[in-house]
K.L.:
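Please read through the structure below; I'll follow up with questions.
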Amino acid sequence: GKGEYDHYMEKEIHSQPTALSNTIEGRIEDGTVAFDDLEAGAFADVDSVQFVACGTSYHAAMYGGQLLRTAGIPAEVLRASEYDTAAGPVDENTLVVAVTQSGETADTLDAVRTAAGRGARTLAVTNVVGSTAAREADDAIYIRAGPEVGVAATKTYSSQAVTLALLTQRLADDVPDATPADDREAMLNALADLPRHVETVLETSRARALAREFMDSESYFFIGNGFGHSVALEGALKFKEITYEHAEGFASGQLKHGPLALVTSASPIFAVYTGGDDEKTKTNAIEAQSRGAPIVAVGPDDHPLVDVADAHLWVPETHPVWAGLLANVQLQLLSYYAAKLLDRPIDKPRNLAKSVTVE
Ligand code: M6R
């Protein structure tokens, strides 16, 4: 049941410290990563990766794609429904990774079957043991987030992104010519602190007050680059899904290529940054601010955006990979409180189902 919480979504947001601890548990030893039956060398034949996913899982897959490319491993991130025409060629050295909470999304299963038919090796990254994706793919890795009841995916995004970051470490060690990150130790050490940092965000968040402050806005925009791009897209998806308000997410640099025409004083911009390479987010946020839009900086202290923003959703200082996940927790809370103020049926938004089993 929901216990002390008003909605499953609220409960699931608050269960992220535990979910993340479970995701990580037992998978890191002496600075390397192993998954049960996928031990060292399991991916020695892989030379490139394609992620296929939908919705929130697609946003988590963007994390995986960026991390793999940084490690020198060619990686595409594809919307599963577009796999047929969007995917590059595959062979037996291509690992096609289906990222799917339910393991039952028809678009994603179809992409996996197409990829397998073209000769690729397949891997399911899923939350549901024994799901169709887990059974059909050559291998499966479980994100271990625990059951998710709310239609809006929350804790599973966090656990997917962490699982994919761990998978990147395994691939970087296995794939010939890959270059493991030189800050891996710092990154894995910071990962151990992630559950505690999520707890801190949950305890200190000002998202409820901001949801109220911006309640009468016309549109809600979310921007970010790098990992922040994934979080911006995810923030906007969650916001529209449960509030029914107009929300859009963009890569920071894309705002000026059209969407800026929609920017007014009634369109707050949530600028997500991670402390990595976020220069574009700052310059484009300032551009929107000069058109009257209120800017909310979403990320750690000690960033030039904080000084110019009209408000700040703060997250603790950490490695840039994890800062995005903390920023996302702030945006989950923002969506949740905005939907609550609007009295929406948060756990079951209209027209949507938890798993989408039609194409
Ligand atoms: O079960 P899956 O991860 O394959 O589901 C994919 C999407 O349908 C899902 O993430 C959807 O976008 C969520 N309702 C978003 O909150």
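Ligands are counted one by one from 1 in listed order, and the atoms in each one are counted from 1 as well. Heavy-atom basis, side chains included; hydrogens, waters and symmetry copies ignored.
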K.L.:
Classify the angle between the aromatic ring planes of Phe270 and Tyr220 as parallel (below 30°), tilted (30 to 60°) or perpendicular (above 60°).
P.N.:
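Parallel, since the angle between the ring planes stays under 30°.
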K.L.:
Check this for me, if you would: do Glu213 and Arg206 make a salt bridge, where the nitrogen-to-carboxylate-oxygen distance has to be below 4.0 angstrom?
P.N.:
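So Glu213 does not pair with Arg206 through a salt bridge.
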K.L.:
Under 4.0 Å from a heavy atom of Gln101: which atoms of ligand 1 are those, numbered in the order shown and with their elements?
P.N.:
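That gives atoms 1 (O), 2 (P), 3 (O), 4 (O) of ligand 1.
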K.L.:
Say whether, by atom type as modelled, one donor and one acceptor occur between the side chain of Asp347 and the main chain of Tyr8 under 3.5 angstrom.
P.N.:
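At least one qualifying donor-acceptor pair exists.
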K.L.:
If I apply the N/O under 3.5 Å rule, does Val151 come out as touching ligand 1?
P.N.:
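Between Val151 and ligand 1, an N or O pair is found under 3.5 Å apart.
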K.L.:
Please determine if Arg170 and Asp174 form a salt bridge, counting it only when a charged side-chain N lies under 4.0 Å from a carboxylate O.
P.N.:
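Looking at Asp174 together with Arg170, the answer is yes, because their closest N to O distance falls below 4.0 Å.
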K.L.:
Just by distance, with hydrogens left out, do Gln332 and Thr154 show a side-chain donor and acceptor under 3.5 Å apart?
P.N.:
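Thr154 and Gln332 do not have a side-chain donor-acceptor pair below 3.5 Å.
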K.L.:
Between ligand 1 and Ser355, is the shortest N or O to N or O distance under 3.5 Å?
P.N.:
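N/O-N/O distance under 3.5 Å: no.
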K.L.:
State whether the side chain of Lys155 and the backbone N or O of His14 hold a donor-acceptor pair below 3.5 Å, judged by distance alone.
P.N.:
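No, the answer is negative, given that no donor and acceptor are paired below the 3.5 Å cut-off.
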K.L.:
Is it the case that ligand 1 has an N or O less than 3.5 angstrom from some N or O of Glu241?
P.N.:
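By distance alone, the answer is yes.
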K.L.:
Would Ala153 count as being in polar contact with ligand 1, using the rule that some N or O on each side must be under 3.5 angstrom apart?
P.N.:
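It does: an N or O of Ala153 is found under 3.5 Å from an N or O of ligand 1.
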K.L.:
Give the atom numbers and elements of ligand 1 that come within less than 4.0 Å of a heavy atom of Lys238.
P.N.:
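Counting from 1, the qualifying ligand atoms are 15 (C), 16 (O).
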K.L.:
If the cut-off is 4.0 Å to any non-hydrogen atom of Thr56, which atoms of ligand 1 fall inside it?
P.N.:
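Checking each atom against Thr56, I get 10 (O), 12 (O), 15 (C), 16 (O).
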K.L.:
Using a strict cut-off of less than 4.0 Å between a Lys/Arg side-chain nitrogen and an Asp/Glu carboxylate oxygen, indicate whether Arg79 and Asp107 qualify as a salt bridge.
P.N.:
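Salt bridge between Arg79 and Asp107, a charged N being under 4.0 Å from a carboxylate O: no.
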K.L.:
Do ligand 1 and Gln160 have nitrogen or oxygen atoms that lie under 3.5 Å from each other?
P.N.:
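By distance alone, the answer is no.
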K.L.:
I need the contact type for Lys354 against ligand 1. Using non-hydrogen atoms and a strict under-4.0 Å cut-off, is it side chain, backbone, both or neither?
P.N.:
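Within the 4.0 Å criterion, Lys354 makes no contact with ligand 1.
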K.L.:
Considering the heavy atoms of Ala152, write down every atom of ligand 1 situated less than 4.0 Å from one of them.
P.N.:
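So the answer, numbered in order with elements, is 16 (O).
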K.L.:
May I ask you to list the atoms of ligand 1 that are less than 4.0 angstrom from any heavy atom of Ser57?
P.N.:
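What qualifies from ligand 1 is 2 (P), 3 (O), 10 (O).
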